[in-house]
Number of protein chains: 2
Amino acid sequence: MRRTKEEAENTRQAILDAAVTVFSDRGVAKSTLENIAREAKVTRGAIYWHFANKVEIFDALHDHLHSPFIQRILEGLEVEHADPVGQLQKICTEILTELHEEPQTQKLLTLFLLKCDYSGEFADSKAKFLAKKRRTYDAFAAYFTKAIEGNYISAKADPHLLTLALQSLFHGLVVEFLEDPVTINLQQDGPRLMAMLFASFRHY
Amino acid sequence: MRRTKEEAENTRQAILDAAVTVFSDRGVAKSTLENIAREAKVTRGAIYWHFANKVEIFDALHDHLHSPFIQRILEGLEVEHADPVGQLQKICTEILTELHEEPQTQKLLTLFLLKCDYSGEFADSKAKFLAKKRRTYDAFAAYFTKAIEGNYISAKADPHLLTLALQSLFHGLVVEFLEDPVTINLQQDGPRLMAMLFASFRHY
DNA sequence: TAATATACATACACGCATGTATGTTGTCAA
DNA sequence: TTGACAACATACATGCGTGTATGTATATTA
């Protein structure tokens with residue numbers, strides 16, 4: 001049953017897609033390779049051919065899906081802009097409103113924010129995850145530093161604190177939404193919350 | 001080997017205490033009743049005598065430990081205060097600084113925020129959890145409404161939005177701290193973030 | 001103080017997830 | 001075109017966690 005290279009790549013992708021669904025549905029820990037195989041309409045043999053185990057699937061998902069998500073934000077910030085703070089606000093606001101309309105992205109974030117814990121076998125994944133996060137953190141802090149130097153934000157402001165405020169509020173809001181989408185109206189409240197936060201940045 | 005009622009209650013507590021450690025250490029899903037039994041220095045037989053299964057232990061922990069945590073906040077708000085907004089800020093700030101010094105509380109919050117997912121067998125637990133959370137949410141919203149009526153906050157402010165802002169920032173900050181206590185200095189930044197948020201409430 | 005129920009410990013049976021070993025078929029390179 | 005290997009499917013062995021059944025000693029109660 002040897003397949004062509006293209007077919008093989010397709011099944012690999014099918015496995016990853018299935019893993020997203022199964023993981024976000026049942027939780028990473030409770031997900032079985034058999035579950036993923038069925039969802040992808042292959043056998044466990046196929047999975048073990050492409051991946052060593054569940055952790056490797058999880059890491060692959062993180063690389064292919066989470067990283068680009070952050071990447072897009074960072075790339076947006078590299079572009080020179082007349083009002084850098086307004087630009088950042090716009091980007092963050094857009095991400096929230098888009099999230100409201102993209103169930104696929106919701107599934108992904110649910111997976112990485114609510115459906116996995118990094119104990120035991122996933123300790124290495126957590127280390128990689130943290131390293132990435134710290135780099136993102138630094139990028140934001142550098143961005144705020146630039147904004148302060150350009151006089152867009154008061155010199156009294158602490159870029160470190162601004163970064164933490166943005167990340168915390170953003171993270172918290174997304175989690176609250178994913179946990180209880182019935183109560184939280186992301187479409188309306190996301191932009192309003194961002195407006196509130198960035199106003200406090202400017203008035204600092 | 002029948003024990004006295006007091007002894008029985010002691011082992012029950014030992015099991016719950018052990019569960020906190022094991023759950024927050026290995027993650028709820030990967031934790032075994034055998035793990036908990038060893039930590040508590042009993043056998044699985046003792047656990048099955050006191051609890052039906054792992055979910056019941058988890059629920060018991062949630063009732064006995066998470067609820068009082070929230071309760072303390074809500075009770076603090078019921079007391080009449082000259083500056084209700086300042087009072088709320090003080091309470092939130094204190095909780096954060098206390099969290100910095102209480103590893104036991106850190107373990108508990110880690111457990112409920114990072115080390116569990118509510119898929120499958122834990123679906124019922126999630127429902128209860130959400131119900132409690134919504135009541136907390138309503139209590140905060142009512143509090144802000146009162147603050148607005150008392151002219152402590154601008155009438156233009158939306159109590160719903162203020163509640164969401166506070167919960168999101170608080171939740172986000174706690175999670176960021178628990179995930180990476182090396183990077184996040186809760187002792188310093190917690191109070192500063194709260195000051196920032198509540199300042200924006202007042203300037204709204 | 002005898003009977004009974006309590007508070008466990010021990011032993012057992014079962015299913016299930018994992019990892020690996022092996023089989024099979026088609027592809028691609030020479 | 002033919003061998004070798006890639007891309008799986010299938011089969012098997014193993015261990016582990018669960019739940020339950022049973023044993024047992026001691027409080028409690030009547």
Side-chain angles (χ1 to χ4, degrees), chain A residues 1-19 21-61 115-117 119-125, chain B residues 1-19 21-61 115-117 119-125:
Chain A
M1 282 203 181
R2 177 174 182 182
R3 316 289 165 85
T4 180
K5 293 221 170 200
E6 194 188 338
E7 285 174 326
E9 186 54 31
N10 284 345
T11 62
R12 193 190 135 92
Q13 264 305 316
I15 291 169
L16 288 175
D17 290 346
T21 297
V22 173
F23 281 167
S24 65
D25 207 47
R26 315 169 74 113
V28 174
K30 292 164 201 157
S31 294
T32 261
L33 293 189
E34 176 65 28
N35 296 146
I36 299 175
R38 288 203 172 206
E39 178 76 21
K41 286 162 188 169
V42 294
T43 63
R44 272 171 52 243
I47 296 184
Y48 275 108
W49 173 255
H50 286 282
F51 306 94
N53 49 39
K54 197 162 73 173
V55 176
E56 224 182 83
I57 299 179
F58 182 81
D59 283 344
L61 285 183
K115 297 298 186 177
C116 68
D117 83 290
S119 312
E121 354 148 24
F122 290 90
D124 288 354
S125 303
Chain B
M1 281 201 184
R2 177 172 183 181
R3 316 288 165 84
T4 180
K5 293 219 170 201
E6 193 187 338
E7 284 174 327
E9 186 54 34
N10 285 345
T11 61
R12 193 191 133 92
Q13 264 307 314
I15 291 169
L16 288 175
D17 290 347
T21 299
V22 174
F23 281 166
S24 65
D25 207 48
R26 314 169 75 111
V28 175
K30 292 165 201 154
S31 293
T32 270
L33 292 189
E34 176 65 27
N35 296 146
I36 299 175
R38 285 199 176 211
E39 177 76 23
K41 286 161 187 168
V42 294
T43 64
R44 271 171 53 244
I47 296 184
Y48 275 108
W49 173 255
H50 286 283
F51 306 95
N53 48 38
K54 199 163 71 174
V55 177
E56 224 181 86
I57 299 179
F58 182 79
D59 284 344
L61 285 183
K115 296 297 185 179
C116 67
D117 83 291
S119 312
E121 357 148 20
F122 290 90
D124 288 355
S125 303

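In this text the structure is predicted, and so the values were computed from the model without any measurement.
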Q. Going through the checks in order, is the side-chain hydrogen bond (donor to acceptor under 3.5 Å, both in side chains) test met by A/K115 and B/S119?
A. CA-CA 8 Å; A/K115 297 298 186 177; B/S119 312; 2.8 Å; yes

Just so I know, are the side chains of [X] and [Y] near enough to count as touching, which here means a heavy-atom distance under 4.5 Å?
X: A/E56; Y: A/N53; answer: yes
X: A/K30; Y: B/F122; answer: yes
X: B/D117; Y: A/V28; answer: no

Hey, could you give me the [atom1]/[atom2] distance between [X] and [Y], rounded to the nearest 0.5 Å?
X: B/Q13; Y: B/L16; atom1: CD; atom2: CG; result: 5.0 Å
X: A/I36; Y: A/R44; atom1: CD1; atom2: CZ; result: 11.0 Å
X: B/I15; Y: B/N10; atom1: CD1; atom2: CG; result: 11.0 Å

Atom pairs, protein N/O to nucleotides 28-30 of chain D N/O, distance under 3.5 Å:
| residue | atom | partner | partner atom | Å |
| --- | --- | --- | --- | --- |
| D/dT28 | OP1 | B/T4 | OG1 | 3.3 |

Whole-Å gap separating [atom2] ([N]) and [atom1] ([X]):
X: A/E6; N: D/dA6; atom1: CD; atom2: P; answer: 19 Å
X: B/E7; N: D/dA27; atom1: CD; atom2: P; answer: 7 Å
X: A/E56; N: C/dT18; atom1: CD; atom2: P; answer: 14 Å
X: B/I47; N: C/dA9; atom1: CD1; atom2: P; answer: 10 Å
X: B/I15; N: C/dA7; atom1: CD1; atom2: P; answer: 12 Å
X: B/E9; N: C/dC8; atom1: CD; atom2: P; answer: 10 Å
X: A/W49; N: C/dT18; atom1: CH2; atom2: C1'; answer: 19 Å
X: A/I57; N: C/dT18; atom1: CD1; atom2: C1'; answer: 13 Å

Q) Considering residues, nucleotides and ligands other than B/R12, do more than 12 of their heavy atoms fall under 6.0 Å from its CZ? A) yes

Q.
For A/E9, is there an ion pair with A/K5 - N to carboxylate O distance below 4.0 angstrom?
A. no

(Q) Please determine whether a side-chain nitrogen or oxygen atom of A/H50 lies at a distance below 4.0 Å from atom OP1 or OP2 of D/dA7. (A) no

Q. Does A/T11 have a side-chain nitrogen or oxygen under 4.0 Å from the phosphate oxygens OP1 or OP2 of D/dC8?
A. yes

Polar atom pairs (N or O), protein with nucleotides 15-19 of chain D, under 3.5 Å:
| residue | atom | partner | partner atom | Å |
| --- | --- | --- | --- | --- |
| D/dG17 | O5' | B/T32 | OG1 | 3.0 |
| D/dT18 | OP2 | B/L33 | N | 3.2 |
| D/dG19 | OP2 | B/Y48 | OH | 2.6 |
| D/dG19 | N7 | B/R44 | NH2 | 2.5 |
| D/dG19 | O6 | B/R44 | NH2 | 2.9 |

